[in-house]
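What follows is a short report on a single structure.
Chain A is the first sequence line, chain B the second, and so forth, proteins listed ahead of strands; every chain is numbered from 1.
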Amino acid sequence: MVEPTTKESRTQAVYTTLNHIPVGKVTSYGKLASYAGLPGYGRYVGKLLRELPADTSLPWHRVIRSSGQIAFPPGSESFTRQKTRLEKEGVSVINGRIAIKDFQWTP
DNA sequence: GACATGACCGCAC
DNA sequence: AGTGCGGCCATGT
């Protein structure tokens with residue numbers, strides 16, 4: 001049988017890993033995918049987060065690009081929303097970039 | 001099934 | 001340090 005990797009299992013794996021990111025730390029789409037057991041699924045992670053409901057309890061704002069920058073165009077609503085949430089958790093964002101040296105979270 | 005799109009990534013210049 | 005290009009995966013037309 002070859003179907004242990006269904007859409008639901010992938011989604012669940014990503015959600016679970018995302019929910020384990022502690023406050024004050026962030027990770028990247030690609031790293032999150034790898035930690036969830038899905039290396040190379042960075043784009044898919046972005047798609048999942050995009051499909052999240054507005055009232056979700058998942059810390060989607062703790063996911064940024066590997067370059068340390070927010071994935072939204074500066075000034076957009078999503079950008080501001082993410083920046084505000086991050087700063088409320090103690091993560092400084094300057095010019096769309098995470099201002100701390102050790103922003104990467106490792107399980 | 002081919003082509004285009006997207007909250008991505010790594011490497012080369 | 002900024003830009004470009006190919007690679008990656010799932011979806012929608």
> Which parts of residues 20-31 of chain A get close to DNA chain B, meaning a heavy atom less than 4.0 angstrom away?
Replying inline: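 Heavy-atom contacts with DNA chain B come from S28(A), Y29(A), G30(A).
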> Among residues 52-68 of chain A, which residues get a heavy atom nearer than 4.0 Å to DNA chain B?
Replying inline: W60(A), R65(A), S66(A)
How long is the straight-line distance from [atom2] of [Y] back to [atom1] of [X], given to the nearest 0.5 Å?
X	Y	atom1	atom2	value
I94(A)	I100(A)	CD1	CD1	11.0 Å
L86(A)	I98(A)	CG	CD1	5.0 Å
L32(A)	H20(A)	CG	NE2	11.5 Å

>> Between Q82(A) (side chain only) and V63(A) (backbone N and O only), is there a donor and an acceptor less than 3.5 Å apart?
In response: yes
> I21(A) versus V26(A): any side-chain heavy-atom pair under 4.5 Å?
Replying inline: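 No; the side chains remain at least 4.5 Å from each other.
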> Any salt bridge (Lys or Arg N to Asp or Glu O under 4.0 Å) pairs touching residues 9-20 of chain A, not counting sequence neighbours?
Replying inline: none
>> Please list all pairs meeting salt bridge (Lys or Arg N to Asp or Glu O under 4.0 Å) that have one or both residues in residues 61-81 of chain A, counting only residues at least two apart or in different chains.
In response: R62(A)-E89(A)
> What pairs with Q12(A) under side-chain contact (heavy atoms from CB on, under 4.5 Å), at least two apart in sequence or on another chain?
Replying inline: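 Checked Q12(A) against side-chain contact (heavy atoms from CB on, under 4.5 Å); matches are T16(A).
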>> So, using side-chain contact (heavy atoms from CB on, under 4.5 Å) as the criterion, who are the partners of A13(A) when residues are at least two apart?
In response: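 Per chain and number, A13(A) pairs via side-chain contact (heavy atoms from CB on, under 4.5 Å) with A36(A).
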Side chains of residues 49-58 of chain A: which donor-acceptor partners sit under 3.5 Å, not counting sequence neighbours?
residue	atom	partner	partner atom	Å
T56(A)	OG1	L58(A)	N	3.2

> Between dG7(C) and dA7(B), how far is it from one P atom to the other, in whole Å?
Replying inline: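 The same atom, P, in both gives a distance of 22 Å.
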>> Protein within reach of the bases, or only the backbone? For nucleotides 7-13 of chain C, mark each nucleotide 5' to 3' as B, S or -, using heavy atoms under 4.0 Å.
In response: -BSSS--
> How would you list all residue pairs meeting ring pair (Phe, Tyr, Trp, His ring centres under 6.0 Å) that involve residues 47-81 of chain A, not counting sequence neighbours?
Replying inline: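 As it turns out, there is no ring pair (Phe, Tyr, Trp, His ring centres under 6.0 Å) pair with a partner in residues 47-81 of chain A once direct neighbours are skipped.
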> Where does the chain A footprint on DNA chain B start and end, counting 5' to 3' with a 4.0 Å heavy-atom cut-off?
Replying inline: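 Footprint of chain A along DNA chain B, 5' to 3': dG6(B) to dG10(B).
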>> Show me the pairs that pass side-chain hydrogen bond (donor to acceptor under 3.5 Å, both in side chains) and involve residues 25-45 of chain A, at least two apart or across chains.
In response: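 Output for this query is empty, none listed.
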